Amino acid sequence: NEVPDPYICLDCLAGEWSKPGSFACSCDVGYEGTAGGPSYSQCTACTDGYYKDWLGNDQCKPCTPHQNITCVIGFYPHSCNASTDIFCSPCSNRIPQNSVYQSPGTFDSNDCAFACKAGFQYNMDGANCTC
């Protein structure tokens, strides 16, 4: 039986990373170390409702509740995922020329409310703001 050389470099497993020259792997962004052990081989993905946006064997943190997020007009609260807490993203729904966003979106990039600028109104097809 051969004893493995402790100085042989091995690739880190999925969900792990290592600094160049390091002898050990650690948990990647979106992964946490198993409770009670710093072993790099015990990294598991954050469960739904939790995230970790830093490197290391720490535990994932609970996502910020949606009701605690207030975005400015033209932005909406983007959902939490394993590597990112909730954050405000720009709305992406296409708005007519001569209109502006009127409020923040709820939880979808396409539901940000808009209105025609002063002096403009929706035309008959409801797709444009005209004089």
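Since the model is a prediction, treat every value here as computed from it, not as a measurement. The chain is numbered in sequence order, starting from 1.
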Check whether any side-chain heavy atom of Cys88 lies under 4.5 Å from a side-chain heavy atom of Ile69, and answer yes or no.
yes

Answer whether the closest heavy-atom distance between the side chains of Phe87 and Pro77 falls below 4.5 Å.
no

Measure the shortest side-chain to side-chain distance between Phe120 and Ser99 over non-hydrogen atoms and say whether it is less than 4.5 angstrom.
no

Is any side-chain heavy atom of Pro96 closer than 4.5 Å to one of Asn98?
no

Are Cys71 and Tyr76 packed together at the side-chain level, in the sense that at least one heavy-atom pair is separated by less than 4.5 angstrom?
no

For Cys116 and Gln121, which heavy atoms make the closest approach, and how far apart are they?
SG-C, 3.7 Å

Could you tell me if the side chain of Tyr31 sits less than 4.5 Å from the side chain of Cys46, heavy atoms only?
no

Just checking, is any N or O donor in the side chain of Ser26 or Asn57 under 3.5 Å from an acceptor N or O on the other one?
yes

Report, as yes or no, whether the 6.0 Å neighbourhood of atom CZ on Phe114 holds more than 12 heavy atoms from other residues, nucleotides or ligands.
yes

Ignoring hydrogens, what is the shortest heavy-atom contact between Gln59 and Trp54? Give both atom names and the distance.
O-CZ2, 3.7 Å

Counting only heavy atoms not in Asn68 (residues, nucleotides, ligands), do more than 12 fall under 6.0 Å from its CG?
yes

Run the side chain to side chain contact (heavy atoms under 4.5 Å, CB included) test on Asn128 and Tyr122 for me, step by step, so that the C-alpha distance in whole Å, both residues' side-chain angles and the decisive distance to 0.1 Å come before the verdict.
CA-CA 6 Å; Asn128 294 303; Tyr122 287 114; over 6 Å; no

Under the rule for side-chain contact (heavy atoms from CB on, under 4.5 Å), what residues qualify as partners of Asp85, not counting sequence neighbours?
Tyr51, Cys63, Thr64, Cys80

Would you say Thr44 and Glu32 make side-chain contact, with heavy atoms under 4.5 Å?
yes

Just so I know, are the side chains of Pro104 and Ile73 near enough to count as touching, which here means a heavy-atom distance under 4.5 Å?
yes

Where do Lys52 and Cys27 land on the side chain to side chain contact (heavy atoms under 4.5 Å, CB included) test, with the steps shown first?
CA-CA 10 Å; Lys52 187 167 91 51; Cys27 297; 4.2 Å; yes

